[in-house]
A.B. asks: 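I have a structure I would like to understand better, so I am pasting it below and will then ask my questions one at a time.
Position 1 is the first residue of the sequence, and the numbers go up from there.
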Amino acid sequence: MSSTRRIVITALMAAIFCIVGPLTIPIGPVPISLFTLVIMVALYAVGSVQTNIAIIIYLLLGMVGVPVFSGLEGGLQKLVGPTGGFLIGYILLGIIGAIFIRISNKWYIRTLGFVIGTVVLYTFGLIWFIFQSKMPLPSAMMVCVVPFIPGDVVKIVVAVKFGPLFHKHIYSRIRN
């Protein structure tokens, strides 16, 4: 694939992330989002390098004030605030998910990768949240992790089931 196509694909993924990022359901300090699902599917559809660079572009755009984060917010204060660890954790999910997609074609290995990536995202985001909010661990778990587990299980299943289809129908066409 040409470098021009890679740049265009990366820019399109960053644009998709910027559209999906603000679409959240506020249920507390950490909102429900489809962002993790979009990351996992993007890893299949356009590849690990383009997806992870697009995540970084999304975070940089938000950091400089473009309202791409939940609640149509942007700015450095959002990245360094209580939920900033979850935003930065998207990079970790992208890297870990990409590694497991590369090492195996087996659905259960890729599922394991997304589970590990999500746990790392939760852990990083939770530690950051506790540090910023001074909330005790049990309370922070009830606010930042427990409500999201069922939805994230569904997101992982959807990504593993439909991600390869996106790869087959999208990535194979953009390679030509």
A.B. asks: Would you say Val146 and Val30 are hydrophobically clustered, going by side-chain heavy atoms of ILVMFWY under 4.5 Å?
C.D. replies: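 They do not share one cluster, since no chain of ILVMFWY contacts under 4.5 Å joins Val146 to Val30.
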
A.B. asks: For a quick test of reading the model, state the closest non-hydrogen atom pair linking Asn52 to Leu43 and the distance between them.
C.D. replies: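 Residues Asn52 and Leu43, closest heavy atoms: ND2-CD2, 4.1 Å.
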
A.B. asks: Is Ser139 reaching over with its side chain to a backbone N or O of Met135, donor-acceptor style, under 3.5 angstrom?
C.D. replies: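 No; zero donor-acceptor contacts below 3.5 Å.
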
A.B. asks: Find the distance between OG1 (Thr123) and CH2 (Trp128) and round it off to the nearest 0.5 Å.
C.D. replies: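 Taking OG1 in Thr123 and CH2 in Trp128, the distance rounds to 14.5 Å.
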
A.B. asks: Between atom OH of Tyr44 and atom CG of Leu165, what is the distance when rounded to the nearest 0.5 Å?
C.D. replies: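 One finds 10.0 Å between OH of Tyr44 and CG of Leu165.
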
A.B. asks: Under 4.5 Å between any side-chain heavy atoms of Val120 and Leu93, yes or no?
C.D. replies: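 No. Closest side-chain heavy atoms not under 4.5 Å.
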
A.B. asks: Side chains of Phe166 and Val46, heavy atoms from C-beta outward: is any pair under 4.5 Å?
C.D. replies: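 The answer is no; the side chains never approach within 4.5 Å.
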
A.B. asks: Side-chain atoms of residues 154-161: list all donor-acceptor pairs with protein atoms under 3.5 Å, sequence neighbours left out, distances to 0.1 Å.
C.D. replies:
from, atom 1, to, atom 2, distance (Å)
Lys155, NZ, Ser33, O, 2.4
Lys155, NZ, Thr36, OG1, 3.4
Lys155, NZ, Asp152, OD1, 3.1

A.B. asks: Would you check, one step at a time, whether the test side-chain contact (heavy atoms from CB on, under 4.5 Å) holds for Val38 with Phe17?
C.D. replies: CA-CA 8 Å; Val38 175; Phe17 290 155; 3.5 Å; yes

A.B. asks: How far does CD1 of Ile16 sit from CZ of Phe35, to the nearest 0.5 angstrom?
C.D. replies: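 Ile16 CD1 to Phe35 CZ: 10.5 Å, rounded to 0.5 Å.
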
A.B. asks: Out of curiosity, does Ile55 fall in the hydrophobic cluster containing Leu60 (side-chain heavy atoms, cut-off under 4.5 Å, transitive links)?
C.D. replies: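 Yes, because Leu60 and Ile55 connect within a single hydrophobic cluster, where side-chain heavy atoms sit under 4.5 Å apart.
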
A.B. asks: Hey, could you give me the CD1/CE distance between Ile53 and Met13, rounded to the nearest 0.5 Å?
C.D. replies: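 That separation rounds to 12.5 Å.
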
A.B. asks: Report yes if some heavy atom in the side chain of Phe148 is under 4.5 Å from a heavy atom in the side chain of Ile27; otherwise report no.
C.D. replies: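 Sidechains of Ile27 and Phe148: in contact.
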
A.B. asks: Between side-chain atoms of residues 63-86 and protein atoms elsewhere (two or more places apart, or another chain), which donor-acceptor pairs fall under 3.5 Å?
C.D. replies:
from, atom 1, to, atom 2, distance (Å)
Ser70, OG, Lys78, NZ, 3.3
Gln77, NE2, Gly74, O, 3.0

A.B. asks: Do you know which two heavy atoms are closest between Leu59 and Ile88, and how far apart they sit?
C.D. replies: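 It is CD1-CA, 4.3 Å.
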
A.B. asks: Is there a side-chain contact between Leu137 and Leu126 in this structure, where contact means two heavy atoms from C-beta onward sitting under 4.5 Å apart?
C.D. replies: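 Side chain of Leu137 against side chain of Leu126, heavy atoms only: contact under 4.5 Å found.
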
A.B. asks: Compare all side-chain heavy atoms of Leu23 with those of Leu34 and state whether any distance is below 4.5 angstrom.
C.D. replies: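 Not in contact.
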
A.B. asks: Sequence neighbours left out, cut at 3.5 Å: what donor-acceptor pairs do the side chains of residues 96-107 make with other protein atoms?
C.D. replies:
from, atom 1, to, atom 2, distance (Å)
Arg102, NE, Ser48, OG, 3.3
Arg102, NH2, Ser48, OG, 2.9
Ser104, OG, Lys106, N, 3.0
Asn105, OD1, Arg110, NH2, 3.0

A.B. asks: Quick check: is Ile57 connected to Val49 through a chain of hydrophobic side chains (ILVMFWY, heavy atoms under 4.5 Å apart)?
C.D. replies: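 Val49 clusters together with Ile57.
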
A.B. asks: Any heavy-atom pair between the side chains of Pro31 and Ile25 that's under 4.5 Å?
C.D. replies: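 Counting from C-beta outward, Ile25 and Pro31 never come under 4.5 Å.
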
A.B. asks: Could you check whether any side-chain heavy atom of Cys144 comes within less than 4.5 Å of a side-chain heavy atom of Tyr122, counting everything from C-beta outward?
C.D. replies: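 No, their side chains stay 4.5 Å or more apart.
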
A.B. asks: Could you measure the distance from the CD1 atom of Ile56 to the CG atom of Leu61? Nearest 0.5 Å is fine.
C.D. replies: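 Rounded to the nearest 0.5 Å, the CD1-CG separation comes to 12.0 Å.
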
A.B. asks: If you group Ile, Leu, Val, Met, Phe, Trp and Tyr by side-chain heavy-atom gaps below 4.5 Å, do Ile39 and Val115 land in one group?
C.D. replies: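 Same cluster.
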
A.B. asks: Could you state the interatomic distance from CG (Leu92) to CG (Leu121), rounded to the nearest 0.5 Å?
C.D. replies: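 The CG atom of Leu92 sits 7.5 Å away from the CG atom of Leu121.
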
A.B. asks: State yes or no: are the ring centers of Tyr90 and Phe124 separated by less than 6.0 Å?
C.D. replies: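 Ring centres of Phe124 and Tyr90 not closer than 6.0 Å.
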
A.B. asks: When hydrophobic residues are tied together by side-chain contacts of less than 4.5 Å, even through go-betweens, does Ile127 share a cluster with Val119?
C.D. replies: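 Different hydrophobic clusters.
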
A.B. asks: Testing the basics here: between Thr51 and Gly47, what is the closest heavy-atom pair and its distance to 0.1 Å?
C.D. replies: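 Distance-wise, the nearest heavy atoms are OG1-O, 2.7 Å.
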
